[in-house]
Protein chains: 2
Amino acid sequence: MNLQEVAILAKVSTATVSRVLNNVGPVKNSTRTRVLKAVAELKYHPNLHARNLAGGKSRTIGIIVSNMENPFFVDIYKAAEQAAHSKGFDVVLANTDYNPEHLMHNIRLMIGRRVAGLALAVSEMDPGLIDELCDKNIRTVTYDAGLLRRNSSNIIVNYGKGIERIVSYLHELGHRRMAFISHHRSLRPLSFRERGFREAVERYSPVIEWRIVADVDGIDGGRNAVRAILASGFHPTAIICVNDVMAIGALHELREAGLRVPQDVSVTGFDNIKLAEIVNPSLTTLHIPRDRLGQLMMQHLMADDSGDEQFQPETVIDPEFVVRESTGGLNRK
Amino acid sequence: MNLQEVAILAKVSTATVSRVLNNVGPVKNSTRTRVLKAVAELKYHPNLHARNLAGGKSRTIGIIVSNMENPFFVDIYKAAEQAAHSKGFDVVLANTDYNPEHLMHNIRLMIGRRVAGLALAVSEMDPGLIDELCDKNIRTVTYDAGLLRRNSSNIIVNYGKGIERIVSYLHELGHRRMAFISHHRSLRPLSFRERGFREAVERYSPVIEWRIVADVDGIDGGRNAVRAILASGFHPTAIICVNDVMAIGALHELREAGLRVPQDVSVTGFDNIKLAEIVNPSLTTLHIPRDRLGQLMMQHLMADDSGDEQFQPETVIDPEFVVRESTGGLNRK
DNA sequence: TTGAAAGCGCTACCAG
DNA sequence: CTGGTAGCGCTTTCAA
């Protein structure tokens, strides 16, 4: 079923049907209603592929994230989608599970779809791979990717500063043995955070002993990491997690092991997802404004080319320290 | 940049390039490599719209869910996507936030994209609206929607049975005042669950006092609902939540109010998401196998037309009762 | 093994 | 205000 059939039923040309459907150009009211009736009668739905092909331009934004199981990314996606909708764009979402091949596959799909813009909130950015793809003339905005190309902007969070804040806070509380829990250490953005931790902690060298352990992203990852730490014989008094979800897993595993938080061990997260204030004990963490992040990404993608809006190629967001119940001074002073 | 340019650079016809790109038909090896080189050189990405238009068929499955913030739906999506990928299909995801208009919009988009199949895991199904749309010849599978149409199958969870199980269990423990926490009462599938509760509880009439309260889906919804209950003066000894996420919110609000779970109040969830075993106290709930659900949906959509596989128009899944720490007998016997 | 050409369904331009 | 028509980029016969 196509435009033609509608046109025949309405006794007009396809051009007119098109005009009616797109609210463009002048159409006599009587014919418009006639067309609309035919459309309804046939339950006609325009073929969007044909429309995109013929029109040339697309009103669709692609969004790719690393892990939809982590509320952090869901929040970004929701903010971004809302911003896109408010400007009349549709959104198509893809998830990579931190897998660079999935990322490539999805980027290819997005390019193939000729999206009007592409937002990448992923950690598995490989400069090499992306470089190749991104000199299509697709506008791109990345989060936490640290690469800048033509018509591509980047939004980054100052993780180093955040982690430094955490470490110094814990140090003041008297903590001298710390562990850092992460995931996907080999991915660049994650390795930067790890380095942030290392630098912060080495500033106090050799007073602070430390250790880094990694597992998968998620609750189970946090649990496994804590289990590994405890089994290793290294007994940190503070555990710093690369994100809240892993921290929540850590919290649970510590409880299982009979350790009290924060009396025996302090725990910190990163992101400040909703759950962080709900868990027991509630989580000390760093707030990253996902709303703003999502909005910013869309703003960059949909900014007028008119050059009116100041196009910022890079935006830095400072996380905000939120102290809750999961951190405290040492029991044995 | 299009097929033509590649063809020219490779000194062949567009037909040949197409053959190479699709691995179809015979192509001399030397020309194949020549074409591939041209493709790489130009960083050519085929226009998927054109491809779909010309090919007629699509290898894309549409998935629409109600709330990506609820891990229940994320789990379904992930299982479904994996199943789809394993059969060589791509997936495009959409989220409705329980908004029937968003649902309509997204269904229209999916139809416009001429997806090979459409999976609807949404609660806001309105028989009227959908009826109209679903007699396109798009294969559809719904979860929890209770409507059956031509080339459309349905997967349902036996909520009534599950809730009955919960109520009788709580009754045995001595509970006589129960509250049911839900969301979007006016949406059919949700109202069915509410009815399930009502029927189960009235079976013990007039022994059990009960009450139903609703708020939005999510942690805050659970919190608000509990606050409303406590403020109402009705003091239930057991709170039954329509899903785990709301139950987790309820748990938190009860703690804030100084009530102990399960000593003062028992709480149950539904779904058995990962978090249910992590929260403290861990959550008594009903397990719904999201993996199987997602796989089933894809199986229904991608079943061979060959009639070989037995096409089941309806599949019922029984949830499985999981007792954890959030329920117990009454303190004062 | 390859090329030419006819569409796929729609938009947009040009006439009338 | 409306119709005719030339593409959009690709797949797919049909011939060569």
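Keep in mind it's a predicted model, so treat the numbers as computed, not measured.
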Which of residues 9-21 of chain A have a heavy atom under 4.0 Å from DNA chain C?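 Heavy-atom cutoff 4.0 Å gives Ala15(A), Ser18(A), Arg19(A).
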Any base atoms under 4.0 Å from Asn52(A), or only sugar-phosphate, or nothing? Heavy atoms, all strands.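 Touches nothing.
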Does [X] have any side-chain hydrogen bond (donor to acceptor under 3.5 Å, both in side chains) partners at least two apart in sequence or in another chain, and if so, which?
X: His85(B); value: none
X: Asn2(A); value: none
X: Asn47(A); value: none
X: Ser191(A); value: none

Taking 4.0 Å as the cut-off, does a side-chain nitrogen or oxygen of Lys57(A) come that near to OP1 or OP2 on dA12(C)?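 Looking at the OP1 and OP2 atoms of dA12(C), one of them is under 4.0 Å from a side-chain N or O of Lys57(A).
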Compare side-chain N and O positions of Asn22(B) against OP1 and OP2 of dT11(D) and report whether any pair is under 4.0 Å apart.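 Answer yes for this pair, as a side-chain N or O of Asn22(B) is under 4.0 Å from OP1 or OP2.
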Of all residues at least two apart in sequence or in a different chain, which pass the salt bridge (charged side-chain N to carboxylate O under 4.0 Å, His left out) check with Asp75(A)?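 Testing Asp75(A) for salt bridge (charged side-chain N to carboxylate O under 4.0 Å, His left out), a comparison that skips the adjacent residues, returns Arg290(A).
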Round to a whole Å and report the spacing from [atom1] of [X] to [atom2] of [N].
X: Asn2(A); N: dT11(C); atom1: CG; atom2: C1'; result: 14 Å
X: Asn47(B); N: dG9(D); atom1: CG; atom2: C1'; result: 6 Å
X: Met1(B); N: dC10(D); atom1: CE; atom2: C1'; result: 15 Å
X: Arg34(A); N: dC1(D); atom1: CZ; atom2: C1'; result: 12 Å
X: Leu3(B); N: dA4(C); atom1: CG; atom2: P; result: 14 Å
X: Arg32(A); N: dG3(D); atom1: CZ; atom2: P; result: 14 Å
X: Gln4(B); N: dG7(D); atom1: CD; atom2: C1'; result: 12 Å
X: Asn23(A); N: dT11(C); atom1: CG; atom2: P; result: 12 Å

Anything under 30° is parallel, anything over 60° is perpendicular, the rest tilted; go ahead and classify Tyr98(A) against Phe73(A).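 Plane angle over 60°, so perpendicular.
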Of Leu53(A) and Lys28(B), whose nearest nucleotide on DNA chain C comes first from the 5' end?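 Checking each residue's closest nucleotide, the 5'-ward one belongs to Lys28(B).
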Using the side-chain hydrogen bond (donor to acceptor under 3.5 Å, both in side chains) rule, take Asp90(B) and Thr60(B) through it: C-alpha gap first, then chi angles, then the decisive distance, then the call. CA-CA 5 Å; Asp90(B) 272 307; Thr60(B) 300; 5.5 Å; no
